[in-house]
Chemist: 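I'd like to ask some things about the structure below.
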Amino acid sequence: MGSTRSPAHLDGEPTTNTDPTARWSLVIPLKPLALAKSRLASRTGDLLRPQLALAFAEDTVVAALACTAVRDVAVVTNDLLAGSRLGALGARIVPDHPATGLNAALVQGVRAVRQGRPGAAVAALNADLPALRSEELGRVLEFARGFPRAFLADAVGIGTTLLAAGPGVELQPAFGGSSRSRHSMSGAVEITLSGVDSVRQDVDTGDDLSAALALGVGLRTNERLAGVQRMEG
């Protein structure tokens, strides 16, 4: 399951972009690892599944923090292990209270960001983008800069991997299932860029994982998968 990774994935710890003029605060929701990525179990088994869910999130946060268009990253989660690991990478951890679902978690995360920076431009980003490339994320955010709200559809064209809202604009997240159509109907502009496959390729199924591996996944996902290969060998 090896792959060739682009330079956007760092081999060491990430350097958080601290430029105060950078526009975007990213909000990444992450459910408890024990419950995450249930549809991957048939491919990975129940022992590896939560480990991969964490690795996906780690690689997503690393690439996001390395993006020059990103000021900071807030991860909304109640998972203690994930909070510790992602916080160590430079993400701000926001408790998911009262834990009433994905969209409520995003609202909570945006509220936490804008309590300190009321004029912040915010973007919700999926936590399961292990092939994420910083430069591709930057292109998506630059496109979104021109609209009050904008979104990027996932690789299969049904869901959404990123939803952006400019300063003073409510995010209005409607993630889950056929969210592409819901976000479009809510007035958000669809981002139609080509060449940003890594921002579209979330991982819910075994086929999604294969597609992400073909793009080239990040260090931590590679490490988890390599560890399984060594055990099986």
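Quick caveat, the model's predicted, so the values are computed rather than measured.
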Chemist: Answer whether the closest heavy-atom distance between the side chains of Arg180 and Asp154 falls below 4.5 Å.
Modeler: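 Contact flag for Arg180/Asp154 side chains = no.
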Chemist: If hydrophobic clusters are built by linking Ile, Leu, Val, Met, Phe, Trp and Tyr wherever their side-chain heavy atoms come under 4.5 Å apart, do Val122 and Val140 end up in the same one?
Modeler: no
Chemist: Side chains of Asp208 and Thr205: donor-acceptor distance under 3.5 Å anywhere?
Modeler: yes
Chemist: Less than 4.5 Å apart, side chain to side chain, heavy atoms only: is that true for Val107 and Pro173?
Modeler: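 The answer is yes; the side chains approach within 4.5 Å.
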Chemist: Got a second to check how far Arg133's CZ is from Arg139's CZ, nearest 0.5 Å?
Modeler: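 Rounded to the nearest 0.5 Å, the CZ-CZ separation comes to 14.0 Å.
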Chemist: Nearest heavy-atom pair of Glu136 and Asp197: which atoms, and what distance?
Modeler: OE1-N, 3.4 Å
Chemist: In the structure I gave you, are the side-chain heavy atoms of Arg220 and Arg85 within less than 4.5 Å of one another anywhere?
Modeler: no
Chemist: Taking all atoms of both residues into account, what is the closest heavy-atom pair of Phe56 and Asp128, and its distance?
Modeler: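 The pair with the smallest heavy-atom distance is CB-CA, 3.9 Å.
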Chemist: Are Ile191 and Phe175 grouped together when hydrophobic residues (ILVMFWY) are joined by side-chain heavy atoms under 4.5 angstrom apart?
Modeler: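 No.
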Chemist: Counting N and O atoms only, with roles assigned by atom type, does the side chain of Asn126 sit under 3.5 Å from a partner on the main chain of Asp202, one being a donor and the other an acceptor?
Modeler: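 No, the answer is negative, given that no donor and acceptor are paired below the 3.5 Å cut-off.
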Chemist: Mind checking the CG-CZ spacing from Leu171 to Arg114? Nearest 0.5 Å is all I need.
Modeler: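 The distance works out to 7.5 Å.
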Chemist: Answer yes or no: is there a donor N or O on one side and an acceptor on the other, between the side chain of Thr161 and the main chain of Val199, under 3.5 Å?
Modeler: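 Flag set: sc Thr161 to bb Val199 pair under 3.5 Å.
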Chemist: Check the hydrophobic clustering (I, L, V, M, F, W, Y; side-chain heavy atoms under 4.5 Å; chains of links allowed) and say if Val94 and Leu33 are grouped together.
Modeler: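 Looking at the clustering, Leu33 is in a separate group from Val94.
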Chemist: Quick one: pull up CG in Asp46 and CG in Leu40 and give me the separation to the nearest 0.5 Å.
Modeler: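 Here the interatomic distance stands at 10.5 Å.
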Chemist: What are the two closest non-hydrogen atoms of Ser25 and Ala120, and how far apart are they?
Modeler: OG-CB, 4.4 Å
Chemist: Answer whether the closest heavy-atom distance between the side chains of Thr77 and Lys31 falls below 4.5 Å.
Modeler: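 No, too far: nothing below the 4.5 Å cut-off.
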Chemist: Using side chain to side chain contact (heavy atoms under 4.5 Å, CB included), reason through Val61 and Ile28 one step at a time and then give a plain yes or no.
Modeler: CA-CA 8 Å; Val61 167; Ile28 299 177; 4.1 Å; yes
Chemist: Hey, what's the ring geometry for Phe151 with His183, parallel, tilted or perpendicular (30° and 60° as the breaks)?
Modeler: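 Phe151 and His183: tilted rings.
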Chemist: Check whether any side-chain heavy atom of Val203 lies under 4.5 Å from a side-chain heavy atom of Leu52, and answer yes or no.
Modeler: no
Chemist: Minimum heavy-atom separation for Ala123 and Leu141, please, with both atom names.
Modeler: CB-CD2, 4.1 Å
Chemist: For Leu80, does the CG atom have more than 12 heavy-atom neighbours from other residues, nucleotides or ligands under 6.0 Å away?
Modeler: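 Counting neighbours around CG of Leu80, 12 or fewer heavy atoms of other residues, nucleotides or ligands fall under 6.0 Å, so no.
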Chemist: Mind listing the closest non-hydrogen atom pair of Lys37 and Ala53 along with its distance?
Modeler: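 That would be CG-CB, 3.9 Å.
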Chemist: Can you find a heavy atom in the side chain of Leu137 that is under 4.5 Å from one in the side chain of Leu132?
Modeler: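 The answer is yes; the side chains approach within 4.5 Å.
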Chemist: Could you tell me whether Asp72 and Arg92 make a salt bridge, using a distance below 4.0 angstrom between a side-chain N and a carboxylate O?
Modeler: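 The answer is no: the pair does not qualify as a salt bridge.
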Chemist: To the closest 0.5 Å, what do you measure between OG1 (Thr44) and CZ (Arg39)?
Modeler: 13.0 Å
Chemist: Following the transitive rule for hydrophobic clusters with a side-chain heavy-atom cut-off under 4.5 Å over Ile, Leu, Val, Met, Phe, Trp and Tyr, establish whether Leu54 and Leu129 coincide in one cluster.
Modeler: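 Yes.
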Chemist: Just one of Ser179, Ser184, Ser181 clears the side chain to side chain donor-acceptor pair (under 3.5 Å) bar with Thr160, so which one?
Modeler: Ser179
Chemist: Donor-acceptor check, side chain of Asp96 to backbone of Asn78, threshold 3.5 angstrom: yes or no?
Modeler: no
Chemist: Quick check on the hydrophobic clustering: are Leu125 and Leu102 connected, directly or via other members, by side-chain heavy-atom contacts under 4.5 Å?
Modeler: no
Chemist: Say you draw a straight line from CD of Gln51 to CG of Leu81; how long is it, rounded to the nearest 0.5 Å?
Modeler: 9.5 Å
Chemist: Do you know the tightest heavy-atom contact between Val75 and Ala91?
Modeler: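 Distance-wise, the nearest heavy atoms are CG2-CB, 3.8 Å.
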Chemist: Tell me whether Glu142 is salt-bridged to Arg145, with the criterion being a basic N under 4.0 Å from an acidic carboxylate O.
Modeler: yes
Chemist: May I ask you to test the Leu106-Val76 pair for a side-chain heavy-atom distance under 4.5 Å?
Modeler: no
Chemist: For the pair Arg182 (side chain) and Ala174 (backbone), establish whether a donor and an acceptor sit closer than 3.5 Å, ignoring hydrogens and angles.
Modeler: yes
Chemist: Do Leu152 and Leu193 have side chains that approach each other closer than 4.5 Å (heavy atoms only, starting at C-beta)?
Modeler: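 A side-chain contact is absent here, since even the closest heavy-atom pair is not under 4.5 Å.
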Chemist: A quick test of your reading: do over 12 heavy atoms of other residues, nucleotides or ligands sit less than 6.0 Å from CD of Glu190?
Modeler: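 Yes, the 6.0 Å shell around CD holds more than 12 heavy atoms from other groups.
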Chemist: Starting at CG of Leu162, measure out to CZ of Arg200 and round the result to the nearest 0.5 Å.
Modeler: 10.5 Å
